[in-house]
Amino acid sequence: MREKTIAVNVGSAVIGGGANVLVQSMTTTSPKDIEGSVKQIAELASAGCELVRITVPTLADAEKLKEISEKVRAAGIKIPLSADIHFQPRAAFEALKWVEKVRVNPGNFGNEAFPQFVKEAKKLGRAIRIGVNHGSLSSRILEKYGNTPLGMVESAMEFLTMCEAENFDQIIFSLKASRPREMVEANRLMAERLREGGHKSYPFHLGVTEAGEGEDGRIKSAVGIGSLLIDGIGDTIRVSLTENPVNEIPVAYALLQAAGLRKTKADFISCPGCGRTLFDLQSTTIEVKKRFSHLKHLSIAVMGCIVNGPGEMAGADFGYVGAAEGKVTLYAGEEPVRKNIPQADALDALENLIKERGKWNG
Ligand code: SF4
């Protein structure tokens, strides 16, 4: 079951408080390249991204956020913007003026500046992400706890204590590592610590840093983010890929769908095929997906044979099952309703069946 977290307002979006798990990504441009940054934010937004983070290394970069934000809003893009700060408190204070959320890393932000930063965020109605990275813990934390999930949690807790001293709760936590196992452990430990310490249940941002590109990056992210989502932890996610950030968005949605948290397309169930398979399973499944993906309220199974297929469809709403050589039987739930139809007619027949049953429009 999903953790009942408090709602954190981030501009036009809400993170936590039972809202949909929010999909976010990050620009790869320099804020000094205002046009390039605005263009990338627009591309991410039209790909379905729901919050965009911008790296802000210096005060000069932070100053550019004003124009970037104005241009983004002028283009009619409403998704919240976040600034990513490392090392420079001055950049963080400036960023607070222009974007809805600012991420600071306790490993390099400096404890001295943080209480004042929290006061300022509170005054301006901004959210703060306390974003700990396995690779950049402070030397003080490293000495005491080592480069461990516990060290990551202690680092986050120090900043939480300062937020609580200011009665500020618009906080999101992230504890990231490039190895999914460490990332998962750190987040579980943090959730436990909040519960046991009687703190508020703050939302978590999940991500595996430096996950990589291609299949590696996707699998690492799925293992790290997916494990925690199944635990009920996580209110916003970022799938970091060493690719165009636009590619991160479909992966994020597929991951949320697999975890049962968002429905962006129909659920498809298909068997791997075996000696009993009666048609080209892969190409048929691709065809079925193409034709019925938009029916996101449905689950549709494609099974190679009638021997085991119907039993293994896992409660699908409709099934396309191999009946004999070149013949298909269509199921509505567990009931075989069109028997032994020629495969060439089966897709049309499935569409008609879905329509007849009144399931075409949700
Ligand atoms: S459903 Fe039939 S074809 Fe598919 S894997 Fe199972 S036994 Fe093989």
I'd like to know if the side chain of T242 reaches the main chain of G212, judged simply by a donor and an acceptor atom lying under 3.5 Å from each other, with no hydrogens or angles considered.
yes
Could you check whether K39 pairs with E43 (Lys NZ or Arg NE/NH1/NH2 to Asp/Glu carboxylate O, under 4.0 Å)?
yes
To the nearest 0.5 Å, what is the distance between OG1 (T161) and CD (E166)?
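Atom-to-atom, T161:OG1 and E166:CD are 12.0 Å apart.
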Minimum heavy-atom separation for I130 and L160, please, with both atom names.
CD1-N, 4.1 Å
Please say whether more than 12 non-hydrogen atoms of neighbouring residues, nucleotides or ligands are located less than 6.0 Å from CZ in R73.
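Yes, enclosed.
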Can you tell me if S221 uses its side chain to pair, donor with acceptor, with the backbone of V208 under 3.5 Å?
no
Quick one: does S201's side chain have a donor or acceptor within less than 3.5 Å of a partner on I6's backbone?
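It does not hold such a pair.
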Between E120 and K123 (salt bridge meaning N to carboxylate O under 4.0 Å), is one present in this structure?
yes
State whether a side-chain donor-acceptor pair under 3.5 Å links T209 with N133.
no
Smallest separation among heavy atoms of N105 and S136, with atom names
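Result for this residue pair: ND2-OG, 2.8 Å.
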Main chain of L256, side chain of R262: is a donor-acceptor contact present, judged purely on distance under 3.5 Å?
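A pair under 3.5 Å: no.
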Determine the minimum heavy-atom distance between K71 and E35, stating which atoms define it.
NZ-OE2, 3.0 Å
Could you grab the distance from atom CD of Q170 to atom CZ of R126, nearest 0.5 Å is fine?
12.5 Å
Above 12 or not: heavy atoms from other molecules or residues under 6.0 Å from CD of E164?
yes
Side-chain contact, heavy-atom cut-off 4.5 Å: R179 with E185?
no
Test E248 against R53 for salt bridge (charged side-chain N to carboxylate O under 4.0 Å, His left out), laying out the working first.
CA-CA 13 Å; E248 297 175 359; R53 185 158 43 111; over 6 Å; no
Full working for salt bridge (charged side-chain N to carboxylate O under 4.0 Å, His left out) between K290 and E287
CA-CA 5 Å; K290 238 195 252 163; E287 283 302 313; 3.5 Å; yes
Check whether the ring centres of W360 and H297 lie less than 6.0 Å apart, and answer yes or no.
no
Contact between I171 and V8 at the side-chain level, heavy atoms closer than 4.5 Å - yes or no?
no
For I306 and P310 the tightest heavy-atom approach is O-CD, 3.3 Å
Please confirm whether the backbone N or O of M313 pairs with a side-chain atom of Y331, one donor and one acceptor, at under 3.5 Å?
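Checking the backbone N and O of M313 against the side chain of Y331, no donor-acceptor pair under 3.5 Å is found.
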Atom pair CG/CD of D33 and Q40 - distance to nearest 0.5 Å
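D33 atom CG to Q40 atom CD measures 9.0 Å (nearest 0.5 Å).
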Answer yes or no: is there an ion pair linking E154 with R140, defined by an N-O contact shorter than 4.0 Å?
no
I300 CD1 to K289 NZ distance, which is reported to the nearest 0.5 Å
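Interatomic distance, I300 CD1 to K289 NZ, rounded to 0.5 Å: 11.5 Å.
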State, with a plain yes or no, whether a side-chain heavy atom of F117 is found less than 4.5 Å away from one of V102.
yes
Applying side chain to side chain contact (heavy atoms under 4.5 Å, CB included), run through Q116 and K119 and close with a yes or a no.
CA-CA 5 Å; Q116 187 53 38; K119 281 196 180 100; 3.9 Å; yes
Do side-chain atoms of S155 reach the backbone of G151 as a donor and acceptor pair under 3.5 angstrom?
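It does not hold such a pair.
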Residue K263 excluded, over 12 heavy atoms near NZ under 6.0 Å
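Counting other residues, nucleotides and ligands, NZ of K263 exceeds 12 neighbours.
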Is there a donor-acceptor pair under 3.5 Å between the side chain of N108 and the backbone N or O of F87?
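A pair under 3.5 Å: yes.
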Report yes or no: do L353 and V302 belong to one cluster of Ile/Leu/Val/Met/Phe/Trp/Tyr joined by side chain heavy-atom distances under 4.5 Å?
yes
For K64 and V56, what are the C-alpha separation, side-chain angles and deciding distance, and is it a side chain to side chain contact (heavy atoms under 4.5 Å, CB included)?
CA-CA 9 Å; K64 303 291 180 213; V56 181; over 6 Å; no
R195 vs E3, test: salt bridge (charged side-chain N to carboxylate O under 4.0 Å, His left out). Steps then yes/no.
CA-CA 11 Å; R195 260 196 309 271; E3 197 90 26; 3.1 Å; yes
R2, CZ: over 12 other non-hydrogen atoms inside 6.0 angstrom
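Buried by this count: over 12 neighbours within 6.0 Å.
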The test is side chain to side chain contact (heavy atoms under 4.5 Å, CB included); show your working for L298 and I354 and say whether it passes.
CA-CA 10 Å; L298 293 183; I354 296 172; 3.9 Å; yes
Do any N or O atoms from the side chain of D216 and from the backbone of E213 form a donor-acceptor pair under 3.5 angstrom?
no
Are any of the side-chain nitrogens in E158 or K144 under 4.0 Å away from the carboxylate oxygens of its partner?
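Judged by the 4.0 Å cut-off on N to carboxylate O distance, E158 and K144 do not form a salt bridge.
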Carefully, step by step, assess R188 and D231 under the rule salt bridge (charged side-chain N to carboxylate O under 4.0 Å, His left out).
CA-CA 9 Å; R188 284 181 179 158; D231 282 358; 2.6 Å; yes
If we check side chain to side chain donor-acceptor pair (under 3.5 Å) with S37, which of these qualifies: T28, T27, T29?
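When T28, T27, T29 are each tested with S37, the side chain to side chain donor-acceptor pair (under 3.5 Å) holds only for T29.
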Evaluate the criterion side chain to side chain contact (heavy atoms under 4.5 Å, CB included) for residue pair R357 and V337; output intermediate values, then yes/no.
CA-CA 11 Å; R357 298 281 163 134; V337 285; 3.4 Å; yes
So that I know where these two stand, are F292 and F318 an aromatic pair - ring centroids less than 6.0 Å apart?
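No; F318 has its ring centre 6.0 Å or more from that of F292.
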Considering non-hydrogen atoms only, spot the tightest contact between T285 and S270 and give its length.
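The answer is CG2-OG, 3.8 Å.
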Ionic contact status for K97 with E94, cut-off 4.0 Å:
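Yes, charged N to carboxylate O under 4.0 Å.
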Main-chain N/O of P149 paired to H134 side chain as donor or acceptor, under 3.5 Å:
no
With a 4.5 Å cut-off on side-chain heavy atoms, are I41 and L44 touching?
no
Between D235 and T5: side-chain donor-acceptor atoms closer than 3.5 Å:
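Yes, T5 and D235 have a side-chain donor paired with an acceptor closer than 3.5 Å.
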Measure from the side-chain N and O atoms of E100 to the backbone N and O of L81, and report whether any donor-acceptor pair falls under 3.5 Å.
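It does hold such a pair.
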Return each pair, listed once, that meets ring pair (Phe, Tyr, Trp, His ring centres under 6.0 Å) where at least one residue sits in residues 155-188; pairs must be two or more places apart or across chains.
F114-F159, F173-Y202
For a quick test of reading the model, state the closest non-hydrogen atom pair linking V14 to L22 and the distance between them.
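Taking every non-hydrogen atom into account, O-CD1, 4.5 Å.
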Is E351 salt-bridged to R291, cutoff N-O under 4.0 Å?
yes
Within 6.0 Å of CD in Q282, more than 12 heavy atoms from elsewhere:
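Incorrect, the count does not exceed 12.
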Do we see a donor-acceptor contact under 3.5 Å between the side chains of R129 and S174?
yes
Pair listing, ring pair (Phe, Tyr, Trp, His ring centres under 6.0 Å) test, anchored in residues 12-64, at least two apart
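Listed once each, the pairs would be none.
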Contact check, side chains of F204 and L228, non-hydrogen atoms, under 4.5 Å
no
Any heavy-atom pair between the side chains of M162 and N111 that's under 4.5 Å?
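Yes; the side chains approach each other to less than 4.5 Å.
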